[in-house]
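Take a look at the structure set out below.
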Amino acid sequence: MPLIEAKTARPQPMRSRVDRERLFGLLDTGLGTPVTLVCAGAGWGKTVLVSAWAQTQTRPVAWLSLDRHDNDPQIFWAYVIAALRVAGAVPAGNPLAELGSVPPGERERARRLADGLGRLPYPSVLIVDDFQEITDGQVLHEIDDLLRHPPAGLRLVLISRSRPALNLHRLRAAGQVTEIRSADLAFTAEEAAALIDGHGPRPAPEDLAALLERTEGWAVGLNLGAGFLAAPDGGRRLADFAGDLRGVEEYLISEVLEGRSRRQRRFLLQTSICERLCAGLASAITAQPDSQRTLESLENDNDFVVRLGERPLWFRYHHLLREALGHNLIRETPAAVAELHRRAARWYAANNEVMEALSHAIAARDWAYVGRLVTGKAAPLILSAHRRSLVRVLQQVPADELTAPRN
């Protein structure tokens, strides 16, 4: 196993690390439960956080970084044992200390592991990074079996970009799982200010607040935004920091769309024309009948797709991701953009969302349909509380189109 040293080495903390004591507290609390799940999308600071927290521990802390080649029970458990040995969690005399190879048979493997892990003399922590790489059903099944009767001397910390396919529902119901998600990892105003201080002069308070809102506390977004504003050429405005900037777009497209099927990728690109999405609207735009399942799947394993409310009815994309997707949509299929807006306009009109229907009809430059919407549905809004909003929307229509005759 030539990769033991690399796979069991804890990542070194960043020199400009931000003090995140509030999250250290959550991880400390997690030591009271068998499993802590640190789950969020790319760039939310999961590994940096857990690595920094591990430095504060006095107990043995084992670290294991996974990749797709670890989807084999013998290989996976061999690396787990190696990580525990490197951390000094396995003393002489423990069955795992002298185990030459992991048994190939499931029953014997489970017996040996349970015996060794059950005899760990110290409260130890095993941190498993990139757990989303584990997709093998047998490995997941054996981890589930271990967690049914968790060893008293071992606490498991799983770092994952997506919710692991483990049967954690019983542990959750019993309050035996600690979960840290993107909402917890999102930087606060104080944390964002400390992070940005490493890039140079701190922006004005209003600019910092706007950057925090635009990035939604996303660690990589804050770093990219701070670097953008601190560029040596000067004169850059926060309003120019967007998801279609090269550095931001390259990161989001490569990290968020990585491993997506062509169908999911097309779905994300096409639906990026809308600020909010439900299954009916998404199906109208994409002509895909399974939009509800697609949206829930994306929200389940991607923190850049956000559920609006407790029920899975409406969703939205992270601001920067939507801008990056929109730019890629225009670049890859420019001729399709107008038709996608037409489909959205008709769905909104059918559901009596007149303002949204008008906005999309204008984006499609479908002036004939804009005229029909104004005369058929929007006219009564002139005398309502929506008057100002209607005027703002109609101001987007070129003056010559307002006066052009319609057939």
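A heavy-atom distance below 4.5 Å is found between the side chains of Leu325 and Ile253. The shortest side-chain heavy-atom distance between Gln74 and Val139 does not fall under the 4.5 Å cut-off. At a threshold of 4.5 Å between non-hydrogen side-chain atoms, the residues Arg155 and Pro123 do not count as touching. By the 4.5 Å heavy-atom criterion applied to side chains, Thr33 and Val177 are not counted as neighbours. Residues Asn328 and Arg331 form a side-chain contact, since some pair of their non-hydrogen atoms from C-beta on lies under 4.5 Å apart. You'll find the side chain of Leu185 stays beyond 4.5 Å of the side chain of Arg181, heavy atoms only. Between Ile180 and Leu37 there is no side-chain heavy-atom pair separated by less than 4.5 Å. Side chains of Leu146 and Pro151 form a contact here, defined as non-hydrogen atoms less than 4.5 Å apart.
Side-chain N or O atoms of Arg307 include none that pairs as donor or acceptor with a backbone N or O of Phe315 at under 3.5 Å. Side chain of Glu299 to main chain of Val305: no donor-acceptor pair is present (N/O by atom type, distance under 3.5 Å, no hydrogens or angles). Of the possible polar contacts, one joining the Asn351 side chain to the Trp347 backbone as a donor-acceptor pair under 3.5 Å is found. Side-chain atoms of Glu191 come within 3.5 Å of backbone N or O of Thr188 as a donor-acceptor pair. Judged purely by atom type and a 3.5 angstrom limit, Ser124 uses its side chain to pair as donor or acceptor with the backbone of Tyr122. With hydrogens and angles disregarded, no donor-acceptor distance shorter than 3.5 Å links the side chain of Tyr369 to the backbone of Ala364. In terms of modelled atom types and a separation under 3.5 Å, the side chain of Lys46 and the main chain of Ser160 share no donor-acceptor contact. Checking side-chain atoms of Glu323 against main-chain N and O of Gly243 turns up a donor-acceptor pair under 3.5 Å. In this structure a side-chain-to-backbone donor-acceptor pair under 3.5 Å is present from Ser261 to Gln264. Remark: the backbone N or O of Leu166 is not paired with any side-chain donor or acceptor of Asp144 at under 3.5 angstrom.
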Q.
Assess the residue pair Phe76 and Ile143 against the criterion (side chain to side chain contact (heavy atoms under 4.5 Å, CB included)); give the C-alpha distance rounded to whole Å, side-chain angles, the decisive distance to 0.1 Å, and a yes or no.
A. CA-CA 10 Å; Phe76 174 82; Ile143 297 172; 3.8 Å; yes
(Q) As a quick check of understanding, evaluate side chain to side chain contact (heavy atoms under 4.5 Å, CB included) for Glu339 and Arg342, giving each step before the final call. (A) CA-CA 5 Å; Glu339 176 57 28; Arg342 287 190 192 95; 3.5 Å; yes
Q) What's the verdict on side chain to side chain contact (heavy atoms under 4.5 Å, CB included) for Thr271 and Tyr317, showing C-alpha distance, side-chain angles and the deciding distance? A) CA-CA 9 Å; Thr271 55; Tyr317 299 154; 2.6 Å; yes
Q: Report the C-alpha separation of Arg346 and Asp366 in whole Å, then their side-chain angles, then the decisive distance to 0.1 Å, and conclude whether the salt bridge (Lys or Arg N to Asp or Glu O under 4.0 Å) test is met.
A: CA-CA 11 Å; Arg346 281 154 177 76; Asp366 190 343; 3.4 Å; yes
Q: Using the side chain to side chain contact (heavy atoms under 4.5 Å, CB included) rule, take Leu168 and Leu147 through it: C-alpha gap first, then chi angles, then the decisive distance, then the call.
A: CA-CA 9 Å; Leu168 297 178; Leu147 292 176; 4.0 Å; yes
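Nearest heavy atom pair, residue Asn94 against residue Gly116, reads ND2-O, 3.1 Å. Annotation for Pro60 and Ala89: closest pair CB-CB, 4.0 Å, computed over non-hydrogen atoms. Of all heavy-atom pairs between Val61 and Ala54, the closest is CG1-CB, 3.9 Å. Shortest non-hydrogen contact noted between Leu295 and Ala279 is CD1-N, 4.0 Å. In terms of heavy-atom proximity, Val370 sits nearest to Ala361 at CG2-CB, 3.6 Å. Shortest non-hydrogen contact noted between Leu120 and Gly153 is CD1-O, 4.1 Å.
Under the 30°/60° scheme for interplanar angles, the aromatic rings of His360 and His341 are found to be tilted.
Distance check: Arg161 CZ to Ser182 OG gives 13.5 Å after rounding to the nearest 0.5 Å. Atom OG1 of Thr333 sits about 10.5 Å away from atom CZ of Arg266, to the nearest 0.5 Å. For the atom pair CD (Gln57) and CZ (Phe24), the distance works out to 9.5 Å, reported to the nearest 0.5 Å. With values rounded to the nearest 0.5 angstrom, Phe228 atom CZ is found 11.0 Å from Leu224 atom CG. We find the CZ-CG distance between Arg322 and Asp244 to be 12.0 Å, quoted to the nearest 0.5 Å. Distance check: Ser65 OG to Arg10 CZ gives 11.5 Å after rounding to the nearest 0.5 Å.
For Glu108 and Arg111, the salt-bridge test passes: some basic side-chain N is under 4.0 Å from an acidic carboxylate O. Residues Glu216 and Arg316 are paired through a salt bridge, judged by an N-O separation under 4.0 Å between the basic side chain and the carboxylate. Note on Glu190 versus Arg22: no salt bridge recorded, every NZ/NE/NH1/NH2 to OD/OE distance being 4.0 Å or above. Salt-bridge annotation for Asp70 and Lys7: present, with a side-chain N of the basic residue lying under 4.0 Å from a carboxylate O of the acidic one. Arg112 and Asp115 are not joined by a salt bridge, as no carboxylate oxygen comes within less than 4.0 angstrom of a charged side-chain nitrogen.
No close placement of the Phe187 and Trp218 rings is indicated, their centers lying 6.0 Å or farther apart.
Counting non-hydrogen atoms of other residues, nucleotides and ligands closer than 6.0 Å to CZ of Arg148 gives a total above 12. Counting heavy-atom neighbours within 6.0 Å of Arg172 CZ, excluding the residue itself, gives a total above 12. Heavy atoms from other residues, nucleotides or ligands lying under 6.0 Å from CD of Glu332 number more than 12. Enclosure of atom CZ in Arg68 is not indicated, since only 12 or fewer non-hydrogen atoms of other residues, nucleotides or ligands lie within 6.0 angstrom.
Among Leu126, Thr8, Thr47, Val128, the single residue meeting the side chain to side chain contact (heavy atoms under 4.5 Å, CB included) criterion with Trp63 is Thr47.
Judged by a 6.0 Å distance limit and a 45° cone about the ring axis, Arg276 is positioned over the six-membered ring of Trp314.
With no hydrogens or angles considered, a side-chain donor-acceptor pair links Gln132 and Asp130 at under 3.5 Å.
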